[in-house]
Structure formats: structure tokens, C-alpha cells
Amino acid sequence: MAVMLNGLGKRLVTDQVLTLEEAQQATTLSKKNRVPFVTQLVDSDMASASDIAEVASDEFGTPVLDLTCFNMELLQQNLVDAKLVHQHRAFPLMKRGTRLYVAVSDPTNLIGLDEIKFHTGLNTEAILVEDDKLTKLIEERADASANAFSDLSDDESLDDLEVADTNKKEESVEAGDDAPVVRFINQMLLSAIKKGASDLHFEPYEKTYRVRFRIDGMLQEMSKPPIGLASKISARLKVMSKMDISERRVPQDGRIKLKISNTKSIDFRVNTLPTLFGEKIVLRILDSSSAKMGIDALGYEPSQKKMYMDALSKPQGMILVTGPTGSGKTVSLYTGINILNTEDINISTAEDPVEINLEGVNQVNVNNKVGLDFAVALRSFLRQDPDIIMVGEIRDLETASIAIKAAQTGHMVMSTLHTNSASETLTRMLNMGVAAFNLATTVNLIIAQRLGRRLCGHCKKPADIPHDTMIAEGFTEELIKTAKLYHPVGCNQCNKGYKGRVGIYEVVTITKAVSRIIMEEGNALQLNDQFQKEGFNNLRQSALMKAAQGVTSLEEVNRITSEH
């Protein structure tokens, strides 16, 4: 049965942007899914938003406005109810006199324009924009508008979120009376998960309050709720985290398990910090799926991946992962543990705190208040018939000594340190007081790492960098021959030209020559020189390889690594 096409559909077929069958299929699906025709085309990848806008502009004589060039400061809040904006996909841009200019991706959406005209009493004029940019604008303004509370008033889905094992009585007294605060925090948590954020920062200042997300390693301001709600936001988060809401003078740690549905829940690690104008609260999103991505998704070069896999296959010894906070050390370790996690292997971990839950792994939360530190946990592990032991961090000689002894007595030990490079990891342990001979004979592999932002595949543009500049940056002649460098641009599918992150690694094995330097208690410079002779790439060299492959930019390489 033939489906009647609207004017835009006919023109798209005439201009050969769509076939007749595709246009009819999109028309049928848009009615079935109750979404606009243009949105159906873009969502199902039948046509690009820019091609549709170009055809619509020609058909209806309406110029196309590029929303990325529009000054968002001109937007006037609360001109149109948020429900109308979402229902008709028509976003008010500006008002001049009695005329309201409304961004639409489908100029035939006369019903939506008429309804907005009825509700506002203003004459509406359609401004044609690309559908994907319109979608992003609607979502961003809903997430980040200053009056997020009023936008949430009719959103019943935010009431369905459940905090597992929360003390219901305490919650009803302290936070249940203020539904807008509850809904606002639920929206922030859901928005952070949706945007792929790693951390949420709730920050009070003297006259303002802001919420920031760390996305791809960079903080971005998402909302500015009224400062008068600071104490209520703090109280709600502390109730959800099962903290003492009456204690505001000292830092507290807590955890939130947020049930999104009957089958899915997300964990947050929460910390409060008393500041000059109230408690700053930071939430770390703990994503269990990150440990199951597989080693190929982490960004190791083939030779580095082989060294890691070879070290994991050894029955005993030590694997050390090092880097600053937030560099992905835990994910690297858990990726290895996930590979080893089989029915015939006994794995125990001591962490502060446990960040990723893995079925089949015995995980212990370190609790210094009751005397359960890393050393105590390690001693207990050795009486639990272990095959593999993971220590969250080696902080002192006692922990290091027990870990070394475990590695010498037939166990695989995995741990982290906070140092900047592989060579500094070895010298740090020597400085702790670990015997040079023990260190040289037990450490199998050291991984130093950073996380760099990936270039967006949709908008990155080739970079023309002079040969002399590339040499000065550290590229080798061999690498320059195959290098394809790109600059970040920025589009509606990324964050300022980047989307996601990739690991940058220095992976070294302890060879006989390296062992000799360790036993002679050589310094980091001597170790680095030997690593170079052995052919191990340092962090800078690995980062330059990622830039040469077009994975990241030279600007990002310089941000996360030094030149030497």
C-alpha cells in the first residue's frame, strides 16, 4: 500500500537524497514511533541532518541557521513550556517585539508553531536548523538550565529511581520534604551516566553554587542551582550515601548504589569536604563494565599488549601499574584480573575502596579505623590459599615487604603506586627500603600510564605540521613517514573535538641488564637509558605514536606528557 508523502518527503525523493521506498518507510515509522519525519530520517541514518536542512531550505525558501554559531547568551528562558519544546521539537531562540523566532528542523511543523503561538500570545516565525543540532540544544538546555528544578516538576520518571538499602526513616525526615531537590539530584546522576562522566562535583561558593561533570578527563559546568539550596543538596546526598548528616566539620566517605531499573544499578563513591562556604561533595562513578571491555579496547600497542599477556601467564612474580589518580590504573589491573578469573584460580584483592565489583573475585575493603589495612589483609590472604593477590596500593615498607614475599613464594601479585614513570617506580620502592635483590628478582612487569582524549572521528581535520617542528616534538624520521596528524574541531557529537579516552602506556619488562642496575641501586636516569636501549617506549614516545595514528592530537600529547 502506497504511503502519502509530505512536501519535504517528495522533495527529498526528487533530489535523490532518498529513494521512494525509503521515504515511505520513514513516513510509516515516524507515525508508528510518534516522532517527526525529519527526526526519524536522522535517527535511522537514512539521510544526514545537513542534507535534509539544505533540501528543506531550498523547498520552503527558509535560510538555514547553524546553531553552533548562535550566541546562546541571546536565549531567553521560560518563553515556552519545556513540555511543548520536547513535544514539538521547536526551540525558542529569541523574541523581538511580538515576534518569537523558533528553531525547527521541519518547516512543515505548523501544528507545533501554532500551539506555541497560542500559549505565548506571540507571532511565531520558523528558523530552519539541522535536526541533530536541535536535539543537542534541547537536551543541553534541559540539563544545564539554571531553573532545572521547574523543568523537572512534571517528570515522574525521576521519582522511580531508588537508592538501595537507604534508611527510609532518615530520608523522609531530612530530604523527603523537598521533592525538587530530590528530583534535581536524580537528574544530575542520570545525566552524568548518560554523558559518560567519571566524576560529579557539587560545589558551594559565597554567592553561587555549581555542579560540574568530569567528561573525558576535563571538568565542565552543567548547572547552577540557587545558592540557598546548598544545604539541602548536601543533606540529600549525605542521606543517599548513608553519612552522618549532622557532622559538617570533617570529611566523610560514603557510597551510593542507585537502582536505575529492576536489572541495572550504578555505584557511586562519595566524599564530602568542609570548605569555606559549605560542604563540597564529589561523586565518582564506578563502572563495573569498564573491567570487561577487554585488553584490546585499552589502547596498548601490539608489543605492549604481548608483554602484559606474557606477564599475566607467569605463575608468580609482581606486576606494578603506576600513574597519577584518574589515569586508569584500576581498569588496567582489573582487565588483567578478568582475564585470569577462571574457576580454577583463587583471586583475592585488598582495595581502598573497592571500585569495581567482579563475580568470582574475593574483594576486601580496607578499613584503617578497625585496623584492617593493606598489610593485615595481605597477611590474611596468604592463609587463604591464594593464586593471585591484588593490593590496591603499595604505600609503605610493610605492605611492600609482604607483597614481595608473596611474589617470591609462588603467587602472582598485582598492585599500583603513585609515581610518574616505570623507572621512578623502581627507585621509589628502593627508597621505601625494599632490598634491591628482592626487587630485581620479583618484579616481572611495570606499566606506567596516562589517559588521553580521543579525537572525534566525525570532525577531526588533518594537521599540516612542518617537519622540523615534528622532529623538535620528538617524532622519529621513521614515524614521520607514516604519521597522519589531526587537529580537534568540535561538533554536535563530541566535546570540543574529543570523544572518549585512550590509554597511553610505558610498558617495561625486567631484563637481566635492568636487574643489574636495580641490584647496583642505580638511579632513574640510568634505568631510563637502559629502557631506551632495550627498545621500550616511554610515555612521550607512546603518546606520539597515538598522535601519528590519528587517535589523538599533538596538543593533547603535550598536555599529558612532557617533551623529555
Engineer: So, Ser234 versus Glu279: side-chain donor-acceptor pair below 3.5 Å or not?
Structural biologist: yes
Engineer: Whether the Thr39 and Arg89 side chains hold a donor-acceptor pair (N or O, under 3.5 Å, no angle test) is what I'd like checked.
Structural biologist: yes
Engineer: Nearest 0.5 Å please: distance from the CE atom of Met240 over to the CD1 atom of Ile256.
Structural biologist: 4.5 Å
Engineer: Quick one: CD1 on Ile319 to CD1 on Ile447, what's the gap to the nearest 0.5 Å?
Structural biologist: 6.5 Å
Engineer: Can a side-chain donor-acceptor contact be found between Arg236 and Asn186 if the only test is distance below 3.5 angstrom?
Structural biologist: no
Engineer: Classify the side-chain pair Asp253/Asn271 by whether it contains a donor and acceptor separated by less than 3.5 Å.
Structural biologist: yes
Engineer: Looking at Lys306 and Asp310, does any basic side-chain N land under 4.0 Å from a carboxylate oxygen?
Structural biologist: yes
Engineer: Counting only N and O atoms by type, is there a donor-acceptor contact under 3.5 Å from the side chain of Tyr308 to the main-chain atoms of Ser332?
Structural biologist: yes
Engineer: Please answer whether the main-chain N or O of Val364 pairs with a side-chain N or O of Glu351 as donor and acceptor at a distance below 3.5 Å.
Structural biologist: no
Engineer: I'd like to know if the side chain of Asn492 pairs up with that of Asp132 as donor and acceptor (distance under 3.5 Å, no hydrogens or angles considered).
Structural biologist: yes
Engineer: In plain terms, say whether Asp199 and Arg284 are close enough for a salt bridge, that is, a side-chain N and a carboxylate O under 4.0 Å apart.
Structural biologist: yes
Engineer: Which distance, rounded to the nearest 0.5 Å, do you find between the CD1 of Ile389 and the CG of Asn362?
Structural biologist: 11.0 Å
Engineer: Strictly below 4.0 Å, N to O, side chains only: are Lys546 and Glu301 in salt-bridge contact?
Structural biologist: yes
Engineer: Flag this pair as yes if the NZ/CZ of Lys305 is under 6.0 angstrom from the six-membered ring centre of Tyr300 and inside a 45 degree cone about the axis; otherwise no.
Structural biologist: no
Engineer: Answer yes or no: is there an ion pair linking Lys257 with Asp267, defined by an N-O contact shorter than 4.0 Å?
Structural biologist: yes
Engineer: Go through the side-chain N and O atoms of Thr208 and Glu203 and say whether any donor and acceptor fall under 3.5 Å apart.
Structural biologist: no
Engineer: Any chance the side chains of His487 and Lys460 put a donor and an acceptor closer than 3.5 Å?
Structural biologist: no
Engineer: Could you verify whether a donor N or O on one side chain and an acceptor N or O on the other, from Tyr498 and Ser553, lie under 3.5 Å apart?
Structural biologist: yes
Engineer: With the threshold set at 4.0 Å, does a side-chain nitrogen-carboxylate oxygen contact exist between Arg450 and Glu556?
Structural biologist: no
Engineer: Between His411 and Ala406 (side chain of the first, backbone of the second, donor and acceptor by atom type, cut-off under 3.5 Å), is there such a pair?
Structural biologist: yes
